[in-house]
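Indexing begins at 1, ligand by ligand and atom by atom, following the structure's order. None of the values given here were measured: they were computed from a predicted structure.
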Amino acid sequence: MSTEPQEKLGRRDFLDWLVALGSTVLGAAMGIPALAYLWPAAQGGTSRSVEVDGAANMAVGDSKVLQVGGKPVIVVRDRAGFKAFSAACTHLGCLVRWSAAKQEFLCPCHAAVFDKNGDVVSGPPPAPLPPYDVKEAGGKVYVTVT
Ligand code: FES
């Protein structure tokens, strides 16, 4: 009596299970980021205001990236006060950083450059960095994202 047919069936079952597992992992790897991308848009219409921690200690030229309502925001202090913009590049969403020396926002992903007002200077972004409201009250700084 041979056990070979049962063993082949076991290998086939294992391969079927492995393919199903791989498909599930691949589907989750592709589907979860897509849902995470769409989720904030589905929430819509809410505005959120937060205090910028340590704003009083920011020198002219300093910047800070924070999350407001689940959105990345970059706050810059210049001679006139504080400004805030979306920190997500309008090309593919990489986080921009502030160059105090050049007075520009730089995107490391595809070398985009935005001026100090968030307007596109060069690179592939199709739109400026969206500005956000900044209010100073009682020595504190608040950013509001809509
Ligand atoms: Fe910023 Fe492409 S993501 S230039």
Side-chain angles (χ1 to χ4, degrees), residues 7-146:
E7 191 175 307
K8 282 185 180 176
L9 187 60
R11 286 183 188 153
R12 187 172 298 142
D13 287 344
F14 176 73
L15 287 175
D16 288 346
W17 177 84
L18 202 57
V19 168
L21 178 66
S23 299
T24 302
V25 169
L26 185 61
M30 293 173 64
I32 290 172
L35 289 174
Y37 176 79
L38 294 173
W39 179 253
Q43 292 177 339
T46 57
S47 120
R48 181 106 198 267
S49 185
V50 300
E51 180 184 348
V52 180
D53 284 336
N57 297 325
M58 289 173 65
V60 170
D62 283 353
S63 67
K64 180 173 244 183
V65 174
L66 58 146
Q67 292 281 324
V68 182
K71 296 179 180 178
V73 174
I74 187 165
V75 177
V76 174
R77 184 172 198 175
D78 64 13
R79 294 185 201 289
F82 291 89
K83 295 178 178 177
F85 297 90
S86 169
C89 178
T90 55
H91 181 222
L92 294 177
C94 293
L95 291 184
V96 299
R97 64 179 178 82
W98 171 247
S99 169
K102 295 180 179 178
Q103 294 287 295
E104 295 172 332
F105 296 96
L106 309 172
C107 180
C109 291
H110 307 101
V113 178
F114 301 86
D115 69 14
K116 64 183 180 181
N117 298 314
D119 292 323
V120 179
V121 173
S122 64
L129 296 173
Y132 293 130
D133 286 337
V134 178
K135 296 225 179 334
E136 296 181 56
K140 297 183 177 183
V141 176
Y142 299 90
V143 175
T144 301
V145 171
T146 53

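Note that CZ of Arg48 is 12.0 Å distant from NZ of Lys71, once rounded to the nearest 0.5 Å. Separating the CG atom in Asp119 from the CZ atom in Phe105 is a distance of 10.5 Å, to the nearest 0.5 Å.
By the salt bridge (Lys or Arg N to Asp or Glu O under 4.0 Å) test, Asp53 is found to be paired with no residue, residues two or more places apart in sequence or in another chain being considered.
Listed by chain and number, the protein atoms of type N/O/S under 2.8 Å from atom 2 (Fe) of ligand 1 are His91 ND1, His110 ND1; waters are omitted.
Among residues at least two apart or in separate chains, ring pair (Phe, Tyr, Trp, His ring centres under 6.0 Å) pairs with a member in residues 106-132 are His91-His110.
Cys pair Cys94 and Cys107 fails the test of SG atoms under 2.5 Å apart.
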Under 3.5 Å, which donor-acceptor pairs do the side chains of residues 95-102 form with other protein atoms, sequence neighbours left out?
from	atom 1	to	atom 2	distance (Å)
Trp98	NE1	Gly61	O	3.1
Ser99	OG	Lys102	N	3.2

